[in-house]
Amino acid sequence: LLQVPSITPRDGNLPSYLRASFDSDWNLREVHHRSFDLKGTWSTAAEFGQNFDSTLTSPLTTVSLNAYAQKLLGESKTSSTWLQFLALYQGGTVTAPMGNKDKLKVICKMISTDDASYEGCKADNKNH
């Protein structure tokens, strides 16, 4: 079990933490995200395998999480899939919409391993 606290006021995020469970071979089994919402209470923001597309995130592997990120590239800014991710990214509650340019930066960072692949991702997906 790993717990990772996070807060980045620079991005307008709210306090939150991730709790991740692994098996004996360190394969990721569960991810729970809890956050402090705008009402001032702690709540469950997301749980992989329950709130996310189970065809892409179960089992939780690097390949399936990359597939989930790839799927997000094509989602509109009003789709439920994108809004779920945005809530997770912003600390549990969508505090501000994200423009297409910023969306592309965030998703390409998720799936790129170096600067060249990051720039390539942005160039390949600039029309999303």
Side-chain angles (χ1 to χ4, degrees):
L1 176 69
L2 285 174
Q3 286 188 268
V4 182
S6 64
I7 183 168
T8 52
R10 171 181 64 91
D11 294 330
N13 295 347
L14 299 168
S16 66
Y17 67 90
L18 290 174
R19 187 179 72 215
S21 300
F22 300 85
D23 66 16
S24 59
D25 293 322
W26 285 99
N27 295 308
L28 186 60
R29 292 295 173 218
E30 294 179 315
V31 175
H32 302 276
H33 177 230
R34 295 200 27 98
S35 65
F36 199 69
D37 62 26
L38 294 174
K39 298 174 193 162
T41 59
W42 285 97
S43 62
T44 299
E47 295 181 299
F48 282 102
Q50 292 181 25
N51 294 341
F52 285 81
D53 187 332
S54 61
T55 61
L56 296 177
T57 60
S58 183
L60 294 172
T61 63
T62 302
V63 171
S64 64
L65 292 174
N66 275 340
Y68 176 73
Q70 290 283 348
K71 180 180 178 180
L72 287 172
L73 281 170
E75 293 290 326
S76 75
K77 293 187 296 183
T78 57
S79 77
S80 61
T81 302
W82 172 251
L83 292 174
Q84 282 179 325
F85 171 78
L86 188 57
L88 176 68
Y89 181 77
Q90 291 185 349
T93 302
V94 177
T95 55
M98 183 180 291
N100 285 337
K101 186 176 178 182
D102 289 332
K103 175 185 169 186
L104 192 58
K105 288 178 185 177
V106 168
I107 302 302
C108 286
K109 285 179 187 177
M110 290 171 59
I111 59 178
S112 300
T113 56
D114 56 34
D115 290 341
S117 62
Y118 172 67
E119 293 301 328
C121 175
K122 290 192 310 181
D124 292 345
N125 295 287
K126 64 184 173 188
N127 294 325
H128 282 283

- Query: Crowded around Asp115 CG? As in, over 12 foreign heavy atoms under 6.0 Å?
  - Reply: no
- Item | N/O donor-acceptor pair under 3.5 Å between Ser112 side chain and Lys109 backbone | no
- Item | Distance (rounded to the nearest 0.5 Å) between Lys126 NZ and Lys101 NZ | 12.5 Å
- Report yes or no: do Leu72 and Tyr118 belong to one cluster of Ile/Leu/Val/Met/Phe/Trp/Tyr joined by side chain heavy-atom distances under 4.5 Å? no
- Item | Interatomic spacing from CZ in Arg19 to CZ in Arg34 - rounded to 0.5 Å | 8.0 Å
- Message: Return the CH2 to NZ distance between Trp82 and Lys103, rounded to the nearest 0.5 Å.
- Response: 5.5 Å
- Message: Main chain of Glu75, side chain of Ser79: is a donor-acceptor contact present, judged purely on distance under 3.5 Å?
- Response: no
- Does some side-chain heavy atom of Leu73 sit less than 4.5 Å from a side-chain heavy atom of Leu104? yes
- Message: Contact between Ile107 and Asn125 at the side-chain level, heavy atoms closer than 4.5 Å - yes or no?
- Response: no
- Query: Asp124 versus Cys121: any side-chain heavy-atom pair under 4.5 Å?
  - Reply: no
